[in-house]
Amino acid sequence: MSVRRLHSEQPESFAFSQENLDWAATQIAKYPEGRQASAILPLLWQAQKQGGGWLSEPAIRCVADMLDMPYMRALEVATFYSMFNLSPVGEYFVQLCGTTPCWLRGADDLKDVCRRQIGEPGDISEDGKLSWLEVECLGACVNAPMVQINDDFYEDLTADTFERLLEDLRHGRDVVTGPQNGRQASAPEGGPTVLKGDM
Amino acid sequence: MSERVNVTVDGIAVEVEPGTTILQACEAAGVEIPRFCYHERLSVAGNCRMCLVEVEKAPKPVASCAMPVAPDMVVNTQSESVKSAREGVMEFLLINHPLDCPICDQGGECDLQDQALGYGVDSSRFEDNKRAVEEKEMGPLVKTVMTRCIHCTRCVRFATEVAGVPEIGAIGRGEDMEITTYLEASLESEMSGNVIDLCPVGALTSKPYAFTARPWELRKTETIDAMDAVGSNIRVDVRGREVMRILPRDHDAVNEEWLSDKSRFVWDGLNTQRLDKPYLRVEGKLQATDWQRAFDAIATRLEAGAGQVAALAGDLVCTEGQFALKSLMEKLGSPHLDCRQDGAKLSGPRANYLFNTGIAGIEDADALLLIGTNPRLEAAVLNARIRKAWLAGHFPIAAIGQPSDLTYDAEFIGAGPQTLKELVDGKHGFAEVLAKAERPMLILGQGALAREDGAGIFAQALALAEKTGMISDGWNGFNVLHTAAGRVGGMDVGFLPGEDGRDRDGIIEGCKSGDISTVILYGADEIDRAELGDAFVIYVGSHGDRGAHGADVILPAAAYTEKQAIYVNTEGRAQMTERAAFPPGDAREDWKIFRALSDRLGVTLEFDTVDTLRTAMFEHAPQLARLDELVPAGSPETPVAALPDLDEAGFAPVITDYYFTNPVARASATMAACAEARRTRAKAVGGTGTDG
Ligand code: SF4
Ligand code: FES
Ligand code: FES
């Protein structure tokens with residue numbers, strides 16, 4: 001982890017879209033009267049989504065106001081969880097797992113791809129399409145190495161497949177999520193090895 | 001009450017209330033437990049782990065500050081495991097602490113230093129780089145060196161709980177946790193300096209005091225504050241003749257252990273703008289002179305006998321001085337004197353002008369009505385007490401006056417006398433709340449009293465108090481909140497118009513018409529010189545402020561830190577200040593000035609020591625002799641004089657600029673910086689600032 005700060009350049013203001021406002025109301029309604037602050041995580045998350053993948057200071061304030069919380073309390077939450085990006089990210093935000101299983105299976109190669117294609121962690125590619133960060137285990141170790149891009153996992157990557165994946169995304173081509181080597185979910189590579197016969 | 005619980009601490013048996021924490025039980029047994037995050041006036045955080053103790057049958061050491069006692073618990077604080085636990089915690093705390101004590105202002109009074117000495121080991125096994133944290137901007141009062149922070153969160157809890165401004169927080173987490181205010185703004189609080197005392201290390205220190213002194217070179221004097229009428233107990237630290245800083249002292253019934261920012265940081269005002277010589281106006285210009293000549297000038301003036309002489313006392317003056325001046329006025333045969341320089345319509349028995357409930361009594365009340373007062377600005381520490389009662393729950397609060405953020409929910413039900421009238425007539429819902437409450441109280445501020453119809457408003461408030469059962473056996477919920485430290489003392493010694501005497505307005509009137517030819521302004525700086533017309537003005541006071549600027553003779557007096565004198569707080573609690581430093585230059589203690597002047601005027605006052613003065617004063621006001629006691633004042637009474645009609649105008653705020661309410665504060669560069677910071681902040685947040 002590293003020290004997380006609000007971005008140096010902030011938008012003027014932030015307001016939820018009507019659709020998100022309605023959705024937020026359903027979240028807040030889940031909690032008893034006077035406990036609406038409990039809805040802070042979903043609301044911040046939605047604000048991040050609406051804000052293009054990152055949380056701006058006005059967005060944090062907006063959520064705090066909606067939940068009747070002091071700004072400081074909302075800022076504490078936003079800085080505590082690494083799932084909240086405090087600076088802008090690319091349209092496709094790559095979270096690259098660098099924890100031991102992925103690392104053993106070639107995460108370093110993937111990082112090299114990122115460096116070549118995008119830049120240093122946190123940098124946004126010139127076309128604004130891509131940015132990346134190294135993260136800790138995302139829980140898909142069986143299919144290591146893997147990355148998460150926006151809401152989806154891409155697994156069983158190699159430098160080549162990953163490079164192609166990034167290119168495809170950049171050019172708006174359709175991509176398959178999940179294993180990139182033909183594996184079915186987390187079944188053994190090359191197909192099932194047990195329970196093959198008739199039952 | 002439930003059964004008390006027996007606990008054994010290091011073999012000492014103690015009996016405590018159920019729900020007591022182990023740490024408190026240890027204290028009851030006289031066993032000291034080291035701690036950082038625990039503070040008895042804040043909620044329990046349990047995050048520093050310094051207070052670990054061994055509890056029989058518990059598998060692991062227990063954080064004693066967060067664990068309540070159980071019956072027959074056996075606690076051990078001296079075992080090997082406790083010792084090594086403390087050493088371990090200390091070693092971890094010091095891993096990321098810079099150990100920069102030689103350049104740290106907390107040095108010599110640092111909990112971490114003390115406890116590292118007492119419970120730590122003498123060396124470190126840590127060989128890597130220490131973390132470093134960027135400094136955080138917290139305004140003109142609080143200096144931060146955040147690398148020193150041990151994340152006890154005392155400051156966060158104080159701001160949130162006591163001060164009621166949840167603006168300090170901890171961002172990030174784990175090793176990267178940092179304490180900061182939201183966007184590094186200065187705290188929007190009149191109590192922010194208290195985080196400096198609370199911070200157990202040197203992360204938050206006093207900015208104006210930075211690098212000016214070490215605690216061991218200071219002479220410490222325990223005395224009383226005069227910046228508001230709370231009478232906060234303070235300690236004034238002096239080096240040579242110069243006040244270096246002011247700190248709060250514990251007094252559970254008054255300021256607990258808090259102090260308002262003005263009281264704490266005003267000290268540079270005590271060292272600047274001082275009147276250290278008598279002055280005389282010669283051909284329109286003030287010129288330094290000596291006491292003899294100044295007195296001669298006054299004598300000449302009075303002997304000319306063209307008109308009458310009057311006296312007005314200001315906000316910071318002591319009881320002795322007012323008594324001496326009053327005695328002098330009597331000798332001079334003048335009944336024209338008034339200590340209510342704001343023109344507050346207060347009179348009658350003591351209970352009419354005291355905060356009868358007592359500051360600690362606020363916690364017993366169960367409903368509150370504020371009338372023409374903003375206690376947050378007028379008495380910040382008392383306001384913290386209201387907030388404390390409000391946090392405890394079941395404490396409905398309503399206010400009449402200009403809406404502002406008081407740090408608790410107060411329903412602003414109206415602007416002026418009209419609403420008060422409605423309450424008296426039972427036409428407003430809150431009247432019922434008050435009537436239903438068992439111990440309701442109201443606080444009448446100077447904003448409601450210092451106006452033409454003040455006496456009428458007073459009568460209405462009293463009527464409401466009587467109607468809603470605020471005054472009964474054992475409970476008096478009728479309160480007047482003063483803003484001037486000297487006022488209650490002045491009222492007590494009767495620094496008020498004598499028979500056929502003029503009050504403040506009358507004196508000003510008389511100056512204009514020429515009936516009054518000489519006015520003694522005793523520390524009265526809020527009087528507009530222009531209003532005094534051609535009168536000859538004698539200013540007696542400590543600072544070259546408004547009063548001195550327009551004076552014809554200036555007699556330099558002592559400030560509240562430079563004399564041993566009695567001040568009576570808004571509750572009627574008489575407290576004695578002690579001299580922390582000598583008055584500068586030729587300045588003298590107030591009562592001595594009046595005594596010497598009486599001599600020169602040929603009407604020598606009987607007392608020539610402060611003791612004989614006090615004996616005479618106590619004869620007049622015996623309650624003053626009972627230091628630090630709340631002498632019951634009985635019940636307030638409706639003024640007998642004809643009551644004026646109520647004006648429709650809303651109550652105006654008493655304090656428009658918290659940082660500039662008196663001559664000392666106006667002389668302070670720190671206060672000016674605070675006011676500036678608040679203005680910039682108010683601008684930055686689009687005018688949602690809460691300054692009244
Ligand atoms: S700044 Fe001081 S009071 Fe605040 S958390 Fe750090 S050590 Fe504790
Ligand atoms: S180690 Fe990469 S997903 Fe678990
Ligand atoms: S004092 Fe108990 S954990 Fe800090």
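Two residues are said to be in side-chain contact when any heavy atoms from C-beta on lie closer than 4.5 Å; B:Arg173 and A:Arg4 fail this criterion.
In the displayed structure, B:Glu432 atom CD is contacted under 6.0 Å by at most 12 heavy atoms of other residues, nucleotides or ligands. With a 6.0 Å radius and a threshold of 12 heavy atoms from other residues, nucleotides or ligands, A:Gln10 has its CD atom above the threshold. Under a cut-off of 6.0 angstrom, the local environment of CZ in B:Phe126 is crowded, with over 12 non-hydrogen atoms contributed by other residues, nucleotides or ligands. Within 6.0 Å of atom CZ in A:Arg173, more than 12 heavy atoms from other residues, nucleotides or ligands are found, so the atom counts as buried in its surroundings. Counting non-hydrogen atoms of neighbouring residues, nucleotides and ligands closer than 6.0 angstrom, the CH2 atom of A:Trp54 exceeds 12 such neighbours.
The OG1 atom of B:Thr180 lies 8.0 Å from the CZ atom of A:Arg5; values are rounded to the nearest 0.5 Å. Taking CZ of A:Phe80 as the reference point, atom CD1 of B:Ile171 lies at 13.0 Å (rounded to 0.5 Å).
Legend: salt bridge (charged side-chain N to carboxylate O under 4.0 Å, His left out) pairs involving residues 59-80 of chain A, not counting sequence neighbours, sorted by first then second residue: A:Glu57-A:Arg61, A:Arg73-A:Glu76. Sorted by first then second residue, the salt bridge (charged side-chain N to carboxylate O under 4.0 Å, His left out) pairs that include residues 15-28 of chain A, not counting sequence neighbours, number zero.
Within residues 147-157 of chain B, the residues approaching chain A closer than 4.5 Å by heavy atoms are, in numerical order, B:Val156.
When the salt bridge (Lys or Arg N to Asp or Glu O under 4.0 Å) test is applied to A:Asp174, no partner is found at least two apart in sequence or on another chain.
Heavy atoms closer than 4.5 Å to chain A are found in the side chain of B:Thr160, but not in its backbone.
Side chain of A:Thr79 to backbone of B:Gly172: a donor-acceptor contact under 3.5 angstrom is found.
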